[in-house]
Amino acid sequence: MPRKRRQLVAVVTGASGGLGRAVAVEFARRGLAVVLASRRKTVLNEVAGECRVLGVPALVVATDVADEVAVQHLASQAFKKFGHIDIWVNAAVVGLYGDFERTPASDFRRVIETDFFGYVHGARAVLPYFRRQGYGTLVNVASVLGEFGIPHMSSYVAAKHAIVGFSDSLRQELRGSGIRVCTVLPSSINTPFYANAGNYTGHVIRPVPPVLDPRRVATAIADSIEQNRDHVFVPAAAAFLPIARAIWPGLTGQVASYIIHHFQIGSRRTPYKTGNLYASNHKSAVSGGWKEHRGMRLLKRPVLASAALALAALMQSRQFRNQRRAA
């Protein structure tokens, strides 16, 4: 970066909780000034207090990233306060679980507006400042689900696929400009995302292990900026998933379906809810407090995981065939 670390200014959306909050605090720990954005100003003030204790200035700007005008205001306030913007992290996210045909179209659209167009709005807002400076780093937090699909989460998966493609296209257009685009693709993160998501499955949703500490992902994001990396999987072993999909698309789909139905969608019932799709009045902590399912701990070992998941898919396939014969 052209500026020394103590002078860097980072804008973080979704900074009131989960990964966004962890990223903001990690930047502050490294000496960056931070501009914090989310829908909840009171919680942002708490995060700003954490950052200021670490000795850095922090600006709070309440922002709904689905509102393009609000995101433009966020960028202008950041520039007005500090005179430059060095890093912009798009990390605001909402989720929606349920069969595509059973989830309201308005809820589906809200996920796309936040999880994809929120990133588009962020890019449109900050790129003019980056252009004038001749440098800057845009970080788009996608997901491993930006490389393959799972059932009951079509809106989120669609948004994450869009982010990956959008980032790749933008990176090529900006080549030689001094502006970098970094796409981060984490696996499940231990945040309140799952408890806060809209849910039309009728069952409690839990993350698929291995569940990452959000601070680990925040560290990976900060490191990727310092190392000028373009495409980062967290953990690195997650890069195996799109390769597996390319080689064994049918098997990968069977495995994904098996895991979602047997591990992510819990047995405990819960009422339908819109979660935090339209109002941010839910959990705002960094951690979601999730614990690993004992039967899934082997996923931390990629080789064993591959063998076990292939076996699970085979068992599912045999069970399906037996059910058809019985019918």
How far does OG1 of Thr252 sit from CG of Leu241, to the nearest 0.5 angstrom? 8.0 Å
Could you tell me which non-hydrogen atom of Arg131 sits nearest to which non-hydrogen atom of Leu174, and how far apart they are? NH2-CD2, 3.4 Å
Please evaluate residues Val11 and Ile87 with respect to the criterion side chain to side chain contact (heavy atoms under 4.5 Å, CB included), reporting the C-alpha separation (whole Å), side-chain torsions for both, the decisive distance (0.1 Å), and the verdict. CA-CA 6 Å; Val11 177; Ile87 300 164; over 6 Å; no
From Val65, Asn276, Leu277, residue fulfilling side chain to side chain contact (heavy atoms under 4.5 Å, CB included) relative to Thr114: Val65
According to salt bridge (Lys or Arg N to Asp or Glu O under 4.0 Å), does anything in residues 54-75 pair up with another residue at least two apart or in another chain? List the pairs. Asp64-Arg110
Please step through side chain to side chain contact (heavy atoms under 4.5 Å, CB included) for the pair Val139 and Val184, ending with a clear verdict. CA-CA 7 Å; Val139 179; Val184 181; 3.9 Å; yes
Inter- and intrachain pairs under salt bridge (Lys or Arg N to Asp or Glu O under 4.0 Å), touching residues 258-270, at least two apart: none
Apply the test side chain to side chain contact (heavy atoms under 4.5 Å, CB included) to residues Tyr156 and Phe193: give CA-CA distance (whole Å), side-chain angles for both, the deciding distance (0.1 Å), then the verdict. CA-CA 12 Å; Tyr156 182 85; Phe193 170 85; 3.7 Å; yes
For residues Ala37 and Thr63, report the shortest heavy-atom separation together with the two atoms involved. CB-OG1, 3.9 Å
Counting N and O atoms only, with roles assigned by atom type, does the side chain of His84 sit under 3.5 Å from a partner on the main chain of Val9, one being a donor and the other an acceptor? no
Between atom OG of Ser106 and atom CD of Glu113, what is the distance when rounded to the nearest 0.5 Å? 9.5 Å
Considering residues, nucleotides and ligands other than Arg52, do more than 12 of their heavy atoms fall under 6.0 Å from its CZ? yes
Considering residues at least two apart in sequence or located in another chain, which fulfil the salt bridge (charged side-chain N to carboxylate O under 4.0 Å, His left out) criterion with Asp107? none
List in chain and number order the residues that pass side-chain hydrogen bond (donor to acceptor under 3.5 Å, both in side chains) with His121, two or more places apart in sequence or in another chain; answer none if no residue qualifies. none
So with a 6.0 Å cut-off around CZ of Phe117, is the heavy-atom count from everything else above 12? no
Distance in Å, Thr274 OG1 paired with Asn196 CG, rounded so as to fall on 0.5 Å steps: 11.0 Å
State, with a plain yes or no, whether a side-chain heavy atom of Leu127 is found less than 4.5 Å away from one of Ile179. yes
Please tabulate, one pair per line, all N/O donor-acceptor pairs under 3.5 Å involving side-chain atoms of residues 90-98, not counting sequence neighbours.
unit_1 : atom_1 : unit_2 : atom_2 : d
Asn90  : OD1    : Trp88  : NE1    : 2.9
Asn90  : ND2    : Tyr119 : O      : 3.4
Asn90  : ND2    : Asn140 : OD1    : 2.9
Tyr97  : OH     : Gln264 : NE2    : 3.4

Would you give the length of the straight line joining atom CD1 of Ile205 to atom OG1 of Thr270, rounded to the nearest 0.5 angstrom? 9.0 Å
Sequence-distant partners of Arg245, side-chain hydrogen bond (donor to acceptor under 3.5 Å, both in side chains), two or more places apart: none
Quick one, Tyr135 and Ser177 - any side-chain contact, counting heavy atoms below 4.5 Å? no
Student check: side-chain heavy atoms of Val181 and Arg175 closer than 4.5 Å: no
Decide yes or no for Tyr194 and Val204: does some side-chain heavy atom of the first lie under 4.5 Å from some side-chain heavy atom of the second? no
With a 4.5 Å cut-off on side-chain heavy atoms, are Ile221 and Val141 touching? yes
Measure the acute angle between the ring planes of Phe166 and Phe116, then classify it against the limits of 30° and 60° as parallel, tilted or perpendicular. perpendicular
Step-by-step side-chain hydrogen bond (donor to acceptor under 3.5 Å, both in side chains) determination, Arg171 to Thr183: CA-CA 10 Å; Arg171 186 179 300 113; Thr183 314; 2.9 Å; yes
Taking only residues two or more places apart in sequence or in another chain, which ones pass side-chain hydrogen bond (donor to acceptor under 3.5 Å, both in side chains) with Arg39? none
Any heavy-atom pair between the side chains of Ile112 and Arg109 that's under 4.5 Å? no
Looking at every non-hydrogen atom in both residues, tell me the closest pair between Glu26 and Ala222 and how far apart they are. CG-CB, 4.1 Å
Under 6.0 Å from the ring centre and within 45 degrees of the ring axis: does the NZ or CZ of Arg132 meet both conditions for the six-membered ring of Tyr129? yes
Verify, without hydrogens or angle tests, whether Ser257 (side chain) and Gly253 (backbone) share a donor-acceptor contact under 3.5 angstrom. no
Could you check whether the rings of His261 and His152 sit parallel, tilted or perpendicular, using 30° and 60° as the cut-offs? perpendicular
same_hphob_cluster(Val53, Val286) at 4.5 Å side-chain heavy-atom cutoff: no
Closest contact, heavy atoms only, Val56 versus Cys51: CG2-O, 3.3 Å
Lys160 and Glu147 ion-paired at < 4.0 Å: no
Could you list the donor-acceptor pairs under 3.5 angstrom formed by side chains in residues 15-24, with sequence neighbours left out?
unit_1 : atom_1 : unit_2 : atom_2 : d
Ser16  : OG     : Ser38  : OG     : 3.3
Arg21  : NE     : Glu50  : OE2    : 3.2
Arg21  : NH1    : Ser16  : O      : 3.3
Arg21  : NH1    : Ser284 : O      : 3.0
Arg21  : NH2    : Glu50  : OE2    : 2.6

Rounded to the nearest 0.5 angstrom, the NZ-CG distance for Lys41 and Asn45 is 6.5 Å
Please report the shortest heavy-atom distance between Asn190 and Gly289, naming the atom on each side. OD1-N, 3.1 Å
Flag side-chain contact, heavy atom, 4.5 Å: Leu185 against Val164: yes
Just grab all the salt bridge (Lys or Arg N to Asp or Glu O under 4.0 Å) pairs involving residues 176-193, residues at least two apart or on different chains. Arg180-Asp230
I'd like to check the side-chain hydrogen bond (donor to acceptor under 3.5 Å, both in side chains) partners of Thr201; sequence neighbours left out, ordered by chain and number. Asn199
So does Arg215 get a backbone contact from the side chain of Asp213, meaning a donor-acceptor N/O pair under 3.5 Å? yes
What residue pairs, at least two apart or across chains, pass ring pair (Phe, Tyr, Trp, His ring centres under 6.0 Å) with a residue in residues 195-233? Tyr200-Tyr272, His231-Phe233
Can you tell me how far apart CG (Asp86) and CD (Gln133) are? Round to the nearest 0.5 Å. 6.0 Å
Side-chain heavy-atom pair Ile225, Cys182 within 4.5 angstrom cut-off: no
Which donor-acceptor pairs under 3.5 Å do side chains of residues 69-76 form with protein atoms, sequence neighbours excluded?
unit_1 : atom_1 : unit_2 : atom_2 : d
Ser76  : OG     : His73  : O      : 2.8

Could you check Thr191 against Ser287 for side chain to side chain contact (heavy atoms under 4.5 Å, CB included), going step by step and ending with a plain yes or no? CA-CA 4 Å; Thr191 70; Ser287 173; over 6 Å; no
Quick one: closest heavy-atom pair of Phe130 and Ile85, and the distance? CE2-O, 3.1 Å
